[in-house]
Number of protein chains: 2
Amino acid sequence: MAIHKKEEFTQKEQDLAAFAKALSHPARIAILKVLAQRNECICGEIVDVLPLAQSTVSQHLKELKLAGLIDGTVDGPKSCYCINWKAFQKFNAEFNTLFTNLKLKNEKSCC
Amino acid sequence: MAIHKKEEFTQKEQDLAAFAKALSHPARIAILKVLAQRNECICGEIVDVLPLAQSTVSQHLKELKLAGLIDGTVDGPKSCYCINWKAFQKFNAEFNTLFTNLKLKNEKSCC
DNA sequence: GGCCATTATCGTATTTTTACGATTAATTTT
DNA sequence: AAAATTAATCGTAAAAATACGATAATGGCC
C-alpha cells in the first residue's frame with residue numbers, strides 16, 4: 001500500500017467509511033447487540049457470549065470506542081461499556097442521508 | 001489470524017458486516033456517489049475523478065460488485081457500471097432495523 | 001500485605017486489504 | 001490488418017486487521 005490514499009477523499013467520505021469500518025466485523029455488531037440488551041453497563045459478560053478470546057474481544061471494544069460508537073469507563077478490574085447513542089444517531093442519520101442522496105439522483109438501474 | 005472466526009456469528013450479523021465492509025473505504029463511497037450522479041451507466045470516467053490508479057479503481061469496483069451493491073456489464077473495451085438499487089435498499093432497510101432494534105432496548109447511556 | 005478476579009496491553013503470527021505497474025484481453029478506429 | 005483505447009487481471013509489496021497466549025495492571029477481598 002506504500003502510501004495511504006484515504007486522506008485524499010472528502011472528510012465526510014472518510015467519516016462515513018470509518019463508521020462503516022467499525023461495523024464491518026460480525027463480532028462488533030454482536031457486541032453492540034449485547035450492549036443494547038442491557039440497561040446498565042456491561043462489565044465483562046461480552047466475552048462469555050462471543051466465540052472469541054478475551055484479548056480479542058478487548059481489541060474489538062477498543063475499536064468501537066475509537067470509532068466513538070461506545071463509551072467505556074475503566075473501573076479498576078471491571079470495565080463499563082455502553083453505546084454512545086448520540087454518536088450512533090448521528091452516524092445513522094448521515095448514513096440515511098447518503099442513501100437518500102444517492103437515490104435522489106437515480107431510481108432506475110440500467111445494467 | 002490462524003482461523004477465521006467470522007462464521008461463528010449469525011448469518012444476519014455476517015451479512016450486515018459484509019455490507020458495512022463494502023462501504024468501509026472512502027474510495028468506494030466516492031464511487032457510489034459518482035455512479036448515482038448519472039442516469040446512464042458509467043463507462044470509465046470514475047478513474048478520472050478518483051485519486052487512484054486504474055487498476056486500484058477496478059479492484060474497488062470488483063469489491064462493490066461482489067458485495068452486490070453494483071451491477072456491471074463488460075462490453076468489450078468499455079465497462080458499464082451502475083448501482084443495484086434493490087440490494088442497496090435491502091441493506092439500508094436492514095441497517096435501519098439494526099439501529100431501531102438497538103435503540104428499542106435502551107435509550108439512555110450510563111457511562 | 002498477599003491473593004483473586006477482571007480487563008487492558010504486548011508480542012506475534014496469519015490473513016486480508018490497499019495500491020500500483022505491467023500485462024492481457026477485447027473492441028474501435030484508422 | 002495494425003494501432004489505439006479501455007478495462008480486467010496478475011504479480012507484488014506494504015500496511016492494516018484479526019486472533020491468540022502471555023503478561024501486566026488495577027482494584028476488591030481475605
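The sequence lines fix the lettering, A, B, ..., with proteins before strands; numbering per chain opens at 1. Note that the structure is predicted; figures quoted are calculated from it, not measured.
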Taking only side-chain N and O atoms of [X], does any of them lie within less than 4.0 angstrom of OP1 or OP2 on [N]?
| X | N | answer |
| --- | --- | --- |
| A:Ser55 | D:dG21 | no |
| A:Tyr81 | C:dT6 | no |
| A:Thr56 | D:dC20 | yes |
| B:Lys21 | C:dT16 | no |

[atom1] of [X] versus [atom2] of [N]: gap in Å, rounded?
| X | N | atom1 | atom2 | answer |
| --- | --- | --- | --- | --- |
| A:Lys78 | C:dT6 | NZ | P | 7 Å |
| B:Leu50 | D:dA7 | CG | C1' | 15 Å |
| A:Ile46 | C:dT7 | CD1 | C1' | 11 Å |
| B:Phe9 | D:dA19 | CZ | C1' | 11 Å |
| B:Ile31 | D:dA7 | CD1 | P | 13 Å |
| B:Leu23 | C:dT18 | CG | P | 12 Å |

Checklist entry - What distance do B:Leu32 atom CG and A:Glu13 atom CD have between them, rounded to the nearest 0.5 Å? => result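 B:Leu32 atom CG to A:Glu13 atom CD measures 10.0 Å (nearest 0.5 Å).
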Checklist entry - How would you list, by chain and number, every residue that makes a ring pair (Phe, Tyr, Trp, His ring centres under 6.0 Å) with A:Phe88, sequence neighbours excluded? => result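 Result, ring pair (Phe, Tyr, Trp, His ring centres under 6.0 Å) vs A:Phe88: B:Phe99.
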Next on the checklist: Please check this pair: side chain of B:Ser24 against backbone of B:Lys21, looking for a donor-acceptor N/O pair closer than 3.5 Å.
Outcome noted: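 Between the backbone of B:Lys21 and the side chain of B:Ser24 there is a qualifying donor-acceptor contact (under 3.5 Å).
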Item to check | Interface residues of residues 58-70 of chain A with DNA chain D (non-hydrogen, below 4.0 angstrom) | outcome: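 Within this stretch, A:Gln59, A:His60, A:Glu63 sit under 4.0 Å of the strand.
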Next on the checklist: Closest approach to the side chain of A:Ala53, judged atom by atom: which nucleotide of D:dT18, D:dC20, C:dA8 is it?
Outcome noted: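 The nucleotide sitting nearest to the side chain is D:dC20.
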Show each protein N/O and nucleotides 27-30 of chain D N/O combination with a separation under 3.5 Å, one pair to a line.
none

Checklist entry - Mapping A:Gln54 and B:Glu45 onto DNA chain D by nearest heavy atom, which one lands closer to the 5' end? => result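 By nearest-heavy-atom nucleotide position, the 5'-most residue is B:Glu45.
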